[in-house]
Structures are given as C-alpha cells and as structure tokens.
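As structure tokens, the structure follows; a few thoughts come after it.
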Amino acid sequence: GENVEQHPSTLSVQEGDSAVIKCTYSDSASNYFPWYKQELGKRPQLIIDIRSNVGEKKDQRIAVTLNKTAKHFSLHITETQPEDSAVYFCAASPTGTASKLTFGTGTRLQVTL
Amino acid sequence: GAVVSQHPSWVICKSGTSVKIECRSLDFQATTMFWYRQFPKQSLMLMATSNEGSKATYEQGVEKDKFLINHASLTLSTLTVTSAHPEDSSFYICSAGGGFTEAFFGQGTRLTVV
C-alpha cells in the first residue's frame, strides 16, 4: 500500500518568513495530493491540493509543488502569520479523487511574533 | 461544499460498554464513507471503508468485530466501538467518498474510555 513520509515534524518560523513542508510517497499510482490544516480537536481543513497532471499550484500565500519522478511534493507558505500556526498534513490518493487517503505524519507549525 | 455531520462530538464511556458514532451526509448522497482514527499528536489512519448496502472493508490490523460499521443508507454511516477499552480512546472522524474532488470530513468524535 501507499506510504507517505512528511518532514519536518515540527517547524518554527518568525512571522513574515516562509515555511516549507515536504512529503514523499511510495505508490506511483497516487495521483491526488491534498494538504490539510488541522487545529486541535477539529476536522482537517483542505488548504490546497494538486493532481498529477500539474507540477505547481498557487493560491495566494500558499503553493504546492509536485515532482512525480521523484515522488515528492511540498507545501510552501509565504509571509506566515500567527494564525497559520497549526498541524499540517499531506496526503495521497490513488484514485484522482478525494477518496481513500493516506496521510503523512504531520508537521506542527509555530509562527512566532 | 457538501456537509457531513458527525455526532456526538465527544463522548465519555465506561470500559466495557459500546459507543455508536454517526455520520450523516446532509445535502448529498455518500455511496462511500471512510472512517479514520487519530491518536493524540498522531496522523489520521484509515480504519475502514463503508459502502452503502454492503459490508465494510477494514484495513489491516483493525478488528472488524470490535469496530462495527453500518452503511444502511446513502446518507448515514455508523461506527460502533464495542466493548470499549481505554486504548480505544481516540479522535474518530469520517469522510464522505464517492468520486468527489475533495474529501468532506465530519466534525470528528473525541472518545474517552474510563
């Protein structure tokens, strides 16, 4: 089955700096890669996703890049703000839709003033 | 977007008792529901996939007799934790599937077994 690794497990940045979180996956059949932000006790919130036919996608301060050959994808957050502090999860799915997801191990992002 | 309503949001039960968690799709029909479990400070792990009108498919290591899943209608899937023990204490969350372009999660249920 699919295995998704995520690094780093914790990340502390100063407000205004950029944050980068990286994930690698094992199943070459995976073709949908969402990123989620989760606050304590809450459901995961989709912040951006990318499909295998696209190499990069951007939405305001958030961007995701995908390298299918290397089987890795990354989340980039620019101009970080304190409200960006949360746990971020990457995930992968082999169906191209948001069905059965394999999640990464999570990254706790702390944005300090 | 589509709304998945999960209840209860939290529950405390005594060891040995059973707890039922419901997930309802409010404005659409969910042919498939995914059930995840998340231990504190850990990731979401898929437990099982339920398909309306058929038996659930469980992931390796998940006891099907302990975690009973029913998906009797296109708008309701339930997870029953039978004979709960403290090690079952976790955050349980459902997600509607069926070909959607993004996952629609329920609010999650915090189960504490004392």
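Quick caveat, the model's predicted, so the values are computed rather than measured. Protein chains get the first letters and strands the later ones, always in sequence-line order, with residue 1 at the start of each. Only this structure's heavy atoms are used, side chains among them; waters, hydrogens and symmetry mates stay out.
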State yes or no: do B:Met33 and B:Leu76 share one hydrophobic cluster built from I, L, V, M, F, W and Y residues joined by side-chain heavy-atom distances below 4.5 Å, directly or via other members?
-> no

Does atom CG of B:Leu26 have more than 12 heavy-atom neighbours, drawn from other residues, nucleotides or ligands, at distances under 6.0 Å?
-> yes

Under 4.5 Å to a heavy atom of chain A? For B:Phe91 that would be side chain

Should we count CD of A:Gln60 as having more than 12 external heavy atoms under 6.0 Å?
-> no

Parallel, tilted or perpendicular: which fits the ring planes of B:Phe105 and A:Phe103, with parallel below 30° and perpendicular above 60°?
-> tilted

Can you tell me if CD on A:Gln81 sees more than 12 non-hydrogen neighbours from other groups inside 6.0 Å?
-> yes

With hydrophobic residues grouped by side-chain heavy-atom distances under 4.5 Å, do A:Ile50 and A:Leu46 end up in a single group?
-> no

Gap separating the CZ atom of A:Arg43 from the SG atom of B:Cys94, nearest 0.5 angstrom | 9.0 Å

Heavy atoms under 4.5 Å from chain A: which residues of residues 56-75 of chain B carry them?
-> B:Glu59

A:Ala91, A:Gly104, A:Gly1, A:Ser9: which one forms the most heavy-atom pairs within less than 4.5 Å of chain B?
-> A:Gly104

Please answer: with hydrophobic residues joined when any side-chain heavy atoms are less than 4.5 Å apart, are A:Val111 and A:Trp35 in the same cluster?
-> yes

Proximal component of A:Pro44, with respect to chain B [non-hydrogen, under 4.5 Å] | both

Under 3.5 Å, is there a donor-acceptor pair between the side chain of B:Tyr36 and the main chain of A:Leu101?
-> yes

Examine whether an atom of A:Gln45 lies under 4.5 Å from a heavy atom of chain B, and if so say whether it belongs to the side chain, the backbone or both; otherwise answer neither.
-> neither

If you draw a 6.0 Å radius around CD in A:Glu83, do more than 12 non-hydrogen atoms from other residues or ligands fall strictly inside?
-> yes

Kindly work out whether a path of hydrophobic side-chain contacts (I/L/V/M/F/W/Y, heavy atoms less than 4.5 Å apart) joins A:Val4 to A:Tyr88.
-> yes

Select all residues of residues 37-52 of chain B having any heavy atom within less than 4.5 Å of some heavy atom of chain A, and report them by number, or 'none'.
-> B:Gln38, B:Lys41, B:Gln42, B:Ser43, B:Leu44, B:Leu46

Mark yes when over 12 heavy atoms from residues, nucleotides or ligands other than A:Arg108 sit less than 6.0 Å from its CZ; otherwise mark no.
-> no

Can A:Leu66 be reached from A:Phe89 by stepping across I, L, V, M, F, W or Y side chains whose heavy atoms are under 4.5 Å apart?
-> no

